[in-house]
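Only this structure's heavy atoms are used, side chains among them; waters, hydrogens and symmetry mates stay out.
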Amino acid sequence: MTTVAPETFREFFGSIPTAVAVVTTTGRDGEPRGFTCNAFSAISPDPPLLLVCADRNSRTLPSLLLRRAFAVHLLADDGEEIARVFAGRSQDKFAGLDWLPGEAVRGVPILGSGVLAYAECTLLRAVEAGDHQLLIGRMEAARVLPRRPVLYQGGNFRAWDGLAGRGVQA
């Protein structure tokens, strides 16, 4: 039986442009935590469920599982630096960032810039899948802003121009 090498897996999925998200929560100490994610999906509009995939080695995952609450931020075309910061291993990814505690899901960090849309979620279930956990969240509140999304493909970020002329700010 032939298996696909991790490098081939990454090359395969890296060949298509994907939206970029940052997932945030708070730790036991109340401090904000987060990671960059491009593996997320809608599950169901009724009830409103979404899926986020988190690496089992993520330093944010234990806090997310403990808190059972998180926010998913879809990044806008000016969110590339935020994506890079949250993809890194820094202990203080929120340094210098504008954020507020969520209202619908009390206290989850809501980013104030670089965001196209966000959803405040409660964690319903975590399912182990290979080297990741699939996190199923119930959307308790969501907001969409009139912005252009940023896409990621093959290690590069770029704004998606597919909304030009549709009332979305350029």
Query - Donor on one side chain, acceptor on other, T26 and R67, under 3.5 Å - result: yes
Report task. Give, for atom CG of N38 and atom OG1 of T18, the distance between the pair rounded to the nearest 0.5 Å. Result -> 4.0 Å
Query raised in the report: Between V4 and F13, is there a shared hydrophobic cluster once you connect ILVMFWY residues whose side-chain heavy atoms come closer than 4.5 Å?
Result: yes
Query raised in the report: Is the backbone of A83 close enough, under 3.5 Å, to the side chain of T36 for a donor and an acceptor to pair up by distance?
Result: yes
Query - Closest approach of L151 to P17 (non-hydrogen atoms, all atoms of both residues) - result: CD1-CB, 4.1 Å
Report summary line: From the list L116, I110, V23, side-chain contact (heavy atoms from CB on, under 4.5 Å) partner of H73 resolves to I110
Query - Spacing of C53 atom SG and D131 atom CG [to the nearest 0.5 Å] - result: 10.0 Å
Requested in this report: Treating Ile, Leu, Val, Met, Phe, Trp and Tyr as nodes and any side-chain heavy-atom pair under 4.5 angstrom as an edge, say whether V52 and V20 lie in one connected cluster.
Outcome: no
Query raised in the report: Is the shortest distance from a Lys or Arg side-chain nitrogen in E80 or R158 to a carboxylate oxygen in the other one below 4.0 Å?
Result: no
Query raised in the report: Taking a hydrophobic cluster as the set of Ile, Leu, Val, Met, Phe, Trp and Tyr residues connected by side-chain heavy atoms closer than 4.5 Å, whether directly or through intermediates, do Y118 and L111 fall within one such cluster?
Result: yes
Query - Heavy-atom pair with the smallest gap, counting every atom of E128 and R56 - result: OE1-NH1, 3.3 Å
Query raised in the report: Are M139 and V72 in one and the same hydrophobic cluster, where Ile, Leu, Val, Met, Phe, Trp and Tyr link if side-chain heavy atoms are under 4.5 Å apart?
Result: yes
Query - Residues E31, R33: salt bridge by 4.0 Å N-O rule - result: no
Query raised in the report: Atom OG in S63, atom CG in L61: separation rounded to 0.5 Å?
Result: 9.0 Å
Query raised in the report: For the rings on F70 and F35, is their centre-to-centre separation under 6.0 Å?
Result: no
Query - Ionic contact status for R147 with D78, cut-off 4.0 Å - result: yes
Query - K93 side chain vs F86 backbone, donor-acceptor pair below 3.5 Å - result: yes
Query - Separation between SG of C121 and CD of E140, rounded to the nearest 0.5 Å - result: 7.5 Å
Query raised in the report: Do other residues, nucleotides or ligands put more than 12 heavy atoms under 6.0 Å from Q153 CD?
Result: yes
Query raised in the report: Which value, rounded to the nearest 0.5 Å, describes the distance between R138 atom CZ and T122 atom OG1?
Result: 7.0 Å
Requested in this report: Considering non-hydrogen atoms only, spot the tightest contact between A39 and C37 and give its length.
Outcome: O-SG, 3.2 Å
Query - Path from L50 to L135 over hydrophobic side-chain contacts below 4.5 Å - result: yes
Query raised in the report: How long is the span from the CG atom in L123 to the CD atom in Q133, to the nearest 0.5 Å?
Result: 9.0 Å
Query raised in the report: Are the side chain of E120 and the backbone N or O of V105 linked by a donor-acceptor pair below 3.5 Å?
Result: yes
Query raised in the report: Any donor-acceptor pair under 3.5 Å linking the side chain of T25 with the backbone of A69?
Result: yes
Report summary line: Taking every heavy atom of G34 against every heavy atom of F94, the minimum-distance pair comes out as N-CE1, 4.1 Å
Requested in this report: Identify the two heavy atoms, one from S113 and one from I82, that lie closest to each other, and give their separation to 0.1 Å.
Outcome: O-CD1, 3.2 Å
**Report entry** Centroid separation Y152 to F157 less than 6.0 Å
**Finding:** yes
Report task. Check L124 against R68 and note the closest heavy-atom contact, atom names and distance. Result -> O-NH2, 3.4 Å
